[in-house]
Amino acid sequence: MKKFLELLAPAGTWEALEAAVNAGADAVYLGGKAFGARAYADNFDRDELSRAVRFAHLHGARLFVTVNTLADDREMRELADYLAFLSNAGVDAIIVQDLGVLRLARLVASELPRHASTQMTITNSAGARFAGDCGMVRAVPARELSLADLRAAAAEGVEIEAFIHGALCVCYSGQCLMSSLIGGRSGNRGRCAQPCRMPYALTDREGRNLLGGSAGAYLLSPCDLNTLDVLPQMIEAGVCSFKIEGRMKRPEYVAVVVDAYRRAIDGCLAGNCRVPERDRAAVEQIFNRGFTTAYLTGRPGRKMISDSRPDNRGVFVGRVESLRRGRAAIRLEKELRCGDGLEFAGKGGSGAGTTVASLTVGGRKVECAPAGALAEIDVPPGVRRNAPVFRTLDKKLMEYAATFYGEKNKRRVPVNVRISATVGRPLEVEFSDGEGHTGTGRTSFLAEAARARPLDETSLRRQLERLGATEYVLNGLELAVEGELMVPAGEINEARRQACEALDRARLDDFLPPRRPVEKTAALALLERENADLKKLAAARPAGKTRLSVWTDRLDGVRAALDGGADWVIFGGDRYFSHDASFADCAAAVELVHAAGRRAAIGTPRIVAEPQLRLFKDFLRQTRESGADQLNVHNLGLWQLAREMELKIPLWADMSLNVYNSQSLLFWHEQGAAGATPSIELNLTQLRRLAGVSPLPLECLAQGPIEMMVSEYDVGDSFLGGRERGEIYLRDRTRAAFRLARDQFGRMHVLNSQDLCVLDLVPRLREFGVARLRIDARTYRPDEIRRLTALYRQAISGALKDPQNLPHTTRGHYNRGAM
């Protein structure tokens, strides 16, 4: 086991920051007012961030700042300034999703360490190598990794940070467009509206409910992660940072969860991995949707989903035995206190709630009723007999949690003080913290022989205990005073202040050695130089006609695309029609395309798990041998493998890599990419800007279903098992139906309820200089592929007069964009 393991806690408010540090976190992550993936948390302005760095460092905790959203080009000047500020403020690292943000950070704040966010979708050890090669000191892999996968990633030499507690996303983080497409609020921009926590029905094509009453309605709502029982295995796997999710949570939640995991980790390091029952009970009570270890030890399927309700379940405390005149008698299985919050379960989920104002047992009022008692309380209307009762707020636990934050609960660093004084010399105050740091202050006044009231321990202690505005508390006092001396109290106070400030500097400098200051003007000048270089690169890019590409996963689809006039055919990737994972038909697809005199690309899946890397090495070799003209890469690990294998095939950075800005285009240009497919969340204005400065040819999705989610969890498999099901859908409360496609590796893809169609925008996209327009035809029949390809062929050539979009389709974000 490692000697030092980092417990990493969230903070969305100052109170949560205090709670995290005081409860024992080794590091805290938080967000500023911009560029963080929790835009709806309170977050920290620049003054608060500077104060937070100082507070954390003085208490021996590191502080990381999330800069983990996709950044728009219009935000780059602000972002460059912000990165310079974070470096100068002494932030220990930034957490990054956008590879364009990563590139800009390397440019303007080179000494600021960078961590790869879980939104970067690192799914294997090759992805961890990619992060390391790009200068990131730490990677936060996808939460879908197993213990064995984490072990393989940790072996690459990059620090591995893994989530251990809190809310889970049902989709691979960084790949979810559901909130964006439904409501225009992008999770990749920090504004997720959590549509996965909404009710859905699982239906067939005709809208018939396939589950009836056999399941709840919250089919995409995961339980909360809880790894108290697998911490020893995570430590053994080489995880170095153990991360709690919860920047939107109250400080009490942060305090309770950090407190419990601090004891659990310390216990493991001491050889005792048994978790106290009170800690299990505390983390369950403070918030839970039910608990899961997610994919760490297997594929939990339906057991991972809290389908009955998407919010806090509370803790079962008893059942209503009888009701009379607004009073309920509850047979308790756990103790109950006045001030506790209760919920009485109703039909179909949550029911009535109340706070226990008075509690009666055996006709006698009590403050606390023990387990086994029949307790009476006032209840609201709607409570029924035999109703289960859940405690949603534990007054005693909340009071305990509140002791971890607030001025009156401030945790201070104990210091020992030595006073030296001799007649004719300044009085000297030396502070030491027991960790090797010291700070010294001296009076301007030279000590004199006392005429009355000489300095003594009582008077000096009174002066030195006045540390309320500092992070310190007096522990021990040593006097080295020769004779009976007099020094004015004001002079002693000033020396004490100097000693505190000197100790502050020593602790801060030792914690984080000084960096070279980053000047804002210099950072902005570097950005302007980059923009000028971009224009030169874009001008040097060969101009050409807009071509048409068709993406299909079936050989008859290849033939149909060629018949319709496709210039390029992309074959494979996540396969919806054919579930052949051997890739044996890739060579046949390339042969068909080349026989027709067209260009062939092979696509990769978005997700490549660690156990599949050997398979994909074979796939890359087959791709090289097939003579394919291009490899469209959707996974960072595969990009890394392709470069390490020196495939000598042009690599295309595809849209799941979230290319959102010109810095990202520069990043992929420097990686040797042949081209890029920008994020589907960009609007026309943003695309025009990117196409005008891009050093790479761009390909835009023009037609087809947009993937809203990709998930290891499969609703159909989890709830229907092996039953024959045909096409299945999730229907929301507006009756919108989202088709579920299963790929060759059993992953679920949630497709938008309406296909993208931009026939009417083809002239504008051609005018922007977009190199290719793509039809995603993986859900289409050959006759549909042939017809759609011909339509777009005409639109690109200008032969389609007054082009109209197909019925029941959407322009996606091309018009509105994403917040």
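For the single chain, residues carry numbers from 1 onward in sequence order. Just the heavy atoms: all of them, side chains too, but no hydrogens, waters or symmetry mates, feed the values below.
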Would you say Glu252 and Tyr405 are linked by a side-chain donor-acceptor pair, where the criterion is simply a distance under 3.5 Å?
yes
Look at Arg62 together with Glu6 and state whether they make a salt bridge at an N to O cut-off of under 4.0 Å.
yes
In terms of relative ring orientation, are Phe287 and Tyr253 parallel, tilted or perpendicular, with 30° and 60° separating the classes?
perpendicular
So does Lys410 have more than 12 non-hydrogen atoms from other groups sitting under 6.0 Å from NZ?
yes
Checking side-chain hydrogen bond (donor to acceptor under 3.5 Å, both in side chains) for the pair Gln175/Thr121: CA distance, chi angles, key distance, verdict?
CA-CA 8 Å; Gln175 300 300 314; Thr121 323; 3.1 Å; yes
Partner residues of Leu112 under the side chain to side chain contact (heavy atoms under 4.5 Å, CB included) criterion, sequence neighbours left out:
Leu86, Ser87, Val91, Ile94, Ala109, Arg515
Are Asn22 and His59 close enough that a side-chain donor and a side-chain acceptor fall under 3.5 Å?
no
NZ (Lys33) with more than 12 external heavy atoms under 6.0 Å:
yes
Intermediate values then yes/no, side-chain hydrogen bond (donor to acceptor under 3.5 Å, both in side chains), Gln119 and Asn68:
CA-CA 8 Å; Gln119 289 172 284; Asn68 57 341; 3.2 Å; yes
Do Lys243's NZ or CZ and the ring of Tyr29 fall within the cation-pi criteria of under 6.0 Å and 45°?
yes
Can you measure from CD (Glu161) to CD1 (Ile95) and round to the nearest 0.5 angstrom?
5.5 Å
Under 3.5 Å, side chain of Ser306 to main-chain N/O of Arg309, donor-acceptor pair present?
yes
Could you state the interatomic distance from CE (Met709) to SG (Cys169), rounded to the nearest 0.5 Å?
8.0 Å
Between Asp259 and Arg263, is there a salt bridge with N-O shorter than 4.0 Å?
yes
Reported CG-to-CZ distance for the pair Asp98 and Phe667, which is rounded to 0.5 angstrom:
10.0 Å
Verify the distance criterion only: is there a donor paired with an acceptor across the side chains of Ser180 and Glu681 at less than 3.5 Å?
yes
Does NZ or CZ of Arg411 fall inside the cone over Phe404's six-membered ring, less than 6.0 Å from its centre and within 45° of the axis?
yes
Show your working on side-chain contact (heavy atoms from CB on, under 4.5 Å) between Cys192 and Arg185 and close with a plain yes or no.
CA-CA 6 Å; Cys192 179; Arg185 288 169 51 176; over 6 Å; no
Under 4.5 Å between any side-chain heavy atoms of Glu335 and Val317, yes or no?
no
List the steps, then state whether side-chain contact (heavy atoms from CB on, under 4.5 Å) holds for Val96 with His115.
CA-CA 6 Å; Val96 177; His115 297 174; over 6 Å; no
N/O donor-acceptor pair under 3.5 Å between Asn288 side chain and Gly314 backbone:
yes
Under a 4.5 Å cut-off applied to non-hydrogen side-chain atoms, are Val140 and Ile122 in contact?
no
From CG (Leu220) to OG (Ser711), nearest 0.5 Å:
8.0 Å
Heavy-atom check, side chain of Ser308 versus side chain of Tyr218, under 4.5 Å
no
Inspect the contact between Arg54 and Glu471 and indicate whether a charged nitrogen and a carboxylate oxygen are less than 4.0 angstrom apart.
no
Given the ring of Tyr472, does Arg412 sit roughly above its face, with NZ or CZ under 6.0 Å from the centre of the six-membered ring and within 45° of the axis?
no
side-chain contact (heavy atoms from CB on, under 4.5 Å) between Leu638 and Val633, intermediate numbers included
CA-CA 7 Å; Leu638 287 189; Val633 182; 4.2 Å; yes
Quick one: are Glu245 and Pro10 in side-chain contact, heavy atoms under 4.5 Å?
no
Using modelled atom types only, decide if a donor and an acceptor are shared between the side chain of Thr604 and the backbone of His634 within a distance under 3.5 Å.
yes
Within this structure, what is the CG-CG distance for the pair Leu107 and Leu83, rounded to the nearest 0.5 Å?
10.0 Å
For the pair Asp433 (side chain) and Val415 (backbone), establish whether a donor and an acceptor sit closer than 3.5 Å, ignoring hydrogens and angles.
no
Rounded to the nearest 0.5 Å, what separation is found between the CD atom of Glu343 and the CG atom of Asn312?
8.5 Å
Taking distance alone, no hydrogens or angles, what donor-acceptor pairs closer than 3.5 Å link side-chain atoms of residues 146-158 to residues at least two apart or in another chain?
residue, atom, partner, partner atom, Å
Ser146, OG, Ala148, N, 3.4
Ser146, OG, Asp149, N, 3.1
Ser146, OG, Asp149, OD1, 3.3
Ser146, OG, Asp149, OD2, 3.1
Asp149, OD2, Ser146, N, 3.0
Arg151, NH2, Glu236, OE1, 2.6
Glu156, OE2, Arg129, NH1, 3.2

Is a donor from one side chain sitting under 3.5 angstrom from an acceptor on the other, for Glu610 and Ser125?
yes
Mind running side-chain contact (heavy atoms from CB on, under 4.5 Å) on Asn188 and Thr69 for me, showing each step along the way?
CA-CA 5 Å; Asn188 286 321; Thr69 59; over 6 Å; no
Determine, for Asp229 against Arg280, whether the closest basic-nitrogen to carboxylate-oxygen distance falls under 4.0 angstrom.
yes
Do any N or O atoms from the side chain of Asp394 and from the backbone of Ile286 form a donor-acceptor pair under 3.5 angstrom?
no
With no hydrogens and no angle check, is any side-chain donor or acceptor of Arg114 less than 3.5 Å from a backbone partner on Leu102?
no
Determine, using ring centers only, whether Phe55 and Trp14 are less than 6.0 Å apart.
yes
Any side-chain heavy atom of Arg391 sitting closer than 4.5 Å to one from Lys334?
yes
Flag the pair Phe64 / Leu30 as yes when at least one side-chain heavy-atom distance between them is below 4.5 Å, and no otherwise.
no
Check this for me: does any side-chain nitrogen of one of Asp311 and Arg197 sit under 4.0 Å from a carboxylate oxygen of the other?
no
Could you check, using the six-membered ring where one of them is a Trp, whether His165 and Phe291 have ring centers closer than 6.0 angstrom?
yes
Backbone N or O of Val608 within a donor-acceptor pair of the Asn124 side chain at under 3.5 Å?
yes
Exam field: side chain Thr13 to backbone Ala16, donor-acceptor pair closer than 3.5 Å:
yes
Ser432 side chain vs Gly434 backbone, donor-acceptor pair below 3.5 Å
no
Tell me, do Met398 and Leu393 make a side-chain contact under 4.5 Å, heavy atoms counted?
yes
Arg289/Asp224 salt bridge by N-O under 4.0 Å criterion:
yes
Between the side chains of Tyr713 and Glu144, is a donor N or O closer than 3.5 angstrom to an acceptor N or O?
no
Hey, are the side chains of Ile244 and Phe163 touching, using non-hydrogen atoms and a 4.5 Å cut-off?
no
With sequence neighbours excluded, tell me which residues meet side chain to side chain donor-acceptor pair (under 3.5 Å) with Ser718.
none
Any salt bridge linking Glu435 with Arg507? Criterion: basic side-chain nitrogen under 4.0 Å from a carboxylate oxygen.
yes
